[in-house]
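This is the structure I have questions about; it appears just below.
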Amino acid sequence: MRLRRLLWFNAVFSIMPVVLLAGVVVEGRVELPKSHSAPVQAKRYEIVTKGGVLSTQPPLAVVYLDGAFPRPASVPTKEVAQKDLTFVPALLPIRIGTRVEFPNLDDTYHNIFSYSPAKRFDLGRYRAEERPIPAEVFDKPGLVTLRCDIHDHMRGLILVLNTSYFVMTDTDGHFRLSGLPPGRYTLKAWIDSRTTREKPVELKDGQTLHVDFP
Amino acid sequence: MKLRALSLCVFACTACAFDIDDFFDQVDNALTASAFHDNLRVRLSGTLDLEIYHFEQPAPGLIDSSIDTLFNPRLILFLDAQVGSHIYFFSQSRLDRGFDPSDHGAQVRLDEYALRVTPWDDGRFTLQIGKFATVVGNWVPRHLPWENPFINAPIVYENVTPIRDKSAPFSVFDFVYGFYYYQKYAFNPVIWGPSYASGISVSGRLDRFDYAVEMKNASLSSRPESWSVTETGFEYPTFSGRVGFRPNEAWNFGLSASEGPYFRREAEATLPPGRDIGDYREFVIGQDASFAWRHLQVWVEFYEARFQVPRVGNADTLAYYVEAKYKFTPQLFAAIRWNQQLFDDVSDPSGGSIRWSEDLARIDLAAGYRFTSHTQLKLQYSYQHETTGQGNDNHLVAAQLTTRF
């Protein structure tokens, strides 16, 4: 009898952290803006030009839980590559303090820079095979616009957030944010540099909440 | 007080930089359009330049002004269009006081237009037709106000020599001392700026090598009025080419050559009897190199030019410059350029020889600050000195505020 109780207690105890970790789930949809027109590369003074066209980046949104959360002990390193004369990914949400590497995967120079108040930097020109890969640590929250001093059309965005609870939508605007802690928060949807929608939410343990941002 | 006001102004500009950048990005989106499932893409962009020059007379380079302080505003509009993945079109039109800084009235011009076909994706072959910058040398890719670390051009692209394309000299002395009798705009440099002459070019890349060959309607030294096909036909074409070698992204080496008649049609009446425009040619050989790594960029160009001058013979000149730019911070950069042009002797009627122009040396110093990724201020000081003859000096101070959209 004592053994059975012990086994039952053990089973409950081993499952509990998993349940706690699963936390709350918020899912829904963000109404995304219309796609921008496809970018055009200025090739006026390049003696040698390749064929092909620049890829079109569909608009995406970032959904995040706003609030005061403890900083994690370590933040993973992220990457924004320069490939086929575009930033990949074109939009990267990160936790404050994240180190982002900028590998050049093209066979030509790039010169990545940002004049955004959240991070002002200029990496200069570097070759694809150079190591270590030039990187920056993003230590202030806000939107950082990445540009290339050589290729005028190149634009990339890094959204530096004060929270670890964020997710990017898919191209239809659907999102699923899981592992959230219970409590009262504001759920925000960053859509573009001028548009951030928000909704107050009350998250209860084990709940799956549906929130849309029309 | 002035310093405090200036600091406040710089701070205010920097503080609202993000909003300004955001605004210009919105403008960029509004001026870009696509259709037919993105198979047709069009983008309108441009720059607004406000320039002020202060110099001594005679005005240096291609500046054409009798007043010492010149205000030179300029609006440049670009149209870039991509049709499918292999056809590209661009044009450049300007509203300014003349192609080169001048005290003349406003004029509107279509300076460049070209259609480019790139049949293969790897860039081994490109065909371009229209009115566009020369393939010679390595200065053209940075000749526009936003990309150029300086406000003016290297000496070889703007120093007027005794060469005249509208009339032939009637003697050696008329050729050498013509400066005293004719207006400055009667003379030509070795290469007139980016040389937007009309024609056709073929270019491509084969592994680490690239090539470009062009046939244009006017020579490298020809004036902007000669570049249009309505002004100058293809009876006397100029052929130019460049072969480049790029061992890696940091280094780029090039060899250029150009050959073609340099007289305009109205000079025909002044040529020796039995001769025509095709008998007097400009030959140019150029070597260029560039290096770029992190925040440093260095460019070097050497040009040897020969003009066949009626009643004079061959007039040879050598011009070169070394230019370096360094970014100290993401927004602040400085540049320095050393230029020199040396002239050979031509034979005079008495059996002696005479230098056909005075040797020149010029140092250009510039500093630039980018308030935003769309607004840039450049300041430049140039000191020019004749290293032969009377040793005349000239000082130039210039400022240029550029807003690009």
Side-chain angles (χ1 to χ4, degrees), chain A residues 33-56 59 84 104 106-130 134 136 142-150 152-153 155 157 192-194, chain B residues 15 17-18 21-22 25-26 29 32-34 38-39 41-43 45 78 80-82 84-86 88 90 92 112 114 116 118-123 126 132-133 135 140-144 194 203-205 210-212 242 244 248-250 292-297 327 329-331 370 372-373:
Chain A
K34 280 185 194 166
S35 282
H36 291 311
S37 292
V40 184
Q41 188 194 350
K43 303 189 263 194
R44 293 168 224 134
Y45 307 113
E46 290 181 18
I47 291 177
V48 177
T49 51
K50 290 183 176 179
V53 289
L54 299 166
S55 59
T56 309
D84 298 329
N104 177 5
D106 283 327
D107 64 352
T108 185
Y109 262 151
H110 290 288
N111 186 155
I112 307 310
F113 73 95
S114 161
Y115 291 166
S116 301
K119 189 72 187 179
R120 198 159 290 170
F121 67 96
D122 186 319
L123 297 177
R125 290 150 202 251
Y126 52 92
R127 297 206 296 265
E129 66 273 20
E130 279 187 45
E136 289 288 331
L143 182 67
V144 178
T145 305
L146 304 173
R147 299 170 198 275
C148 176
D149 200 18
I150 303 168
D152 186 25
H153 66 273
R155 297 268 196 291
L157 295 171
D192 60 34
S193 60
R194 295 181 171 206
Chain B
F18 190 65
D21 271 345
D22 198 36
D25 286 347
Q26 306 285 336
N29 288 336
T32 305
S34 57
D38 292 344
N39 282 315
R41 306 169 181 212
V42 182
R43 181 180 178 227
S45 59
F78 297 106
D80 295 279
Q82 182 79 46
S85 58
H86 301 295
Y88 171 71
F90 72 92
Q92 180 196 164
E112 279 188 290
R116 182 181 296 180
T118 309
W120 291 279
D121 282 348
D122 61 4
T126 295
F132 52 89
V135 300
V140 162
R142 67 181 191 286
H143 76 281
L144 291 171
S203 61
R205 173 173 295 164
D210 56 71
Y211 66 90
R242 181 180 182 275
N248 55 49
E249 289 92 326
W293 189 67
R294 296 299 166 118
H295 300 109
L296 174 69
Q297 288 174 272
K327 276 189 205 168
T329 71
Q331 288 161 286
R370 289 189 174 173
T372 72
S373 54

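Every chain is numbered from 1, with letters handed out A, B, ... down the list of sequences.
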What part of A:N104 gets closer than 4.5 Å to chain B, counting heavy atoms only: side chain, backbone, both or neither?
-> neither
Against chain B, work out which of A:T56, A:V40, A:I150, A:T108 has the most heavy-atom pairs shorter than 4.5 Å and name it.
-> A:V40
Heavy-atom pair count under 4.5 Å with chain B, highest-scoring of A:D192, A:L54, A:N111 = A:L54
Name the member of A:H153, A:R127, A:E129 that forms the most heavy-atom pairs with chain B at distances under 4.5 Å.
-> A:R127
Below 4.5 Å from any heavy atom of chain A, which atoms of B:L144 appear? Answer side chain, backbone, both or neither.
-> side chain
Do B:H295 side-chain atoms and A:D122 backbone N/O form a donor-acceptor pair below 3.5 Å?
-> yes
With a 4.5 angstrom heavy-atom cut-off, could you sort out which part of B:T329 is near chain A: side chain, backbone, both or neither?
-> neither
State whether A:D149 and B:K327 are salt-bridged, where the test is any N-O pair (Lys NZ or Arg NE/NH1/NH2 against Asp/Glu carboxylate O) under 4.0 Å.
-> yes
Exam field: side chain A:Y109 to backbone A:Y126, donor-acceptor pair closer than 3.5 Å | no
For the candidates B:P119, B:A133, B:A250, B:A212, which exhibits the highest count of non-hydrogen atom pairs separated by less than 4.5 Å from chain A?
-> B:A250
Contacting region of A:P134 [heavy-atom separation from chain B under 4.5 Å] | side chain
A:Q41, A:R147, A:E46: which one forms the most heavy-atom pairs within less than 4.5 Å of chain B?
-> A:R147
ring-ring contact (aromatic ring centres under 6.0 Å, His included) involving B:Y211 - partner list, sequence neighbours excluded = none
Those residues at least two apart in sequence (or on a different chain) that pass ring-ring contact (aromatic ring centres under 6.0 Å, His included) with A:Y45 are B:H143
Is a donor on one side and an acceptor on the other found under 3.5 Å between the side chain of A:S114 and the backbone of A:K119?
-> yes
Would you call A:D152-B:R43 a salt bridge at under 4.0 Å N-O?
-> yes
Is it the backbone or the side chain of B:S373 that comes under 4.5 Å from a heavy atom of chain A, or both, or neither?
-> both
Chain A heavy atoms under 4.5 Å from B:R370: which part of the residue, side chain, backbone, both or neither?
-> both
Among B:Q92, B:R242, B:E112, B:H86, who wins on heavy-atom pairs under 4.5 Å with chain A?
-> B:E112
With distance as the sole test, does B:T118 use its side chain to make a donor-acceptor pair with the main-chain N or O of B:W120 at under 3.5 Å?
-> no
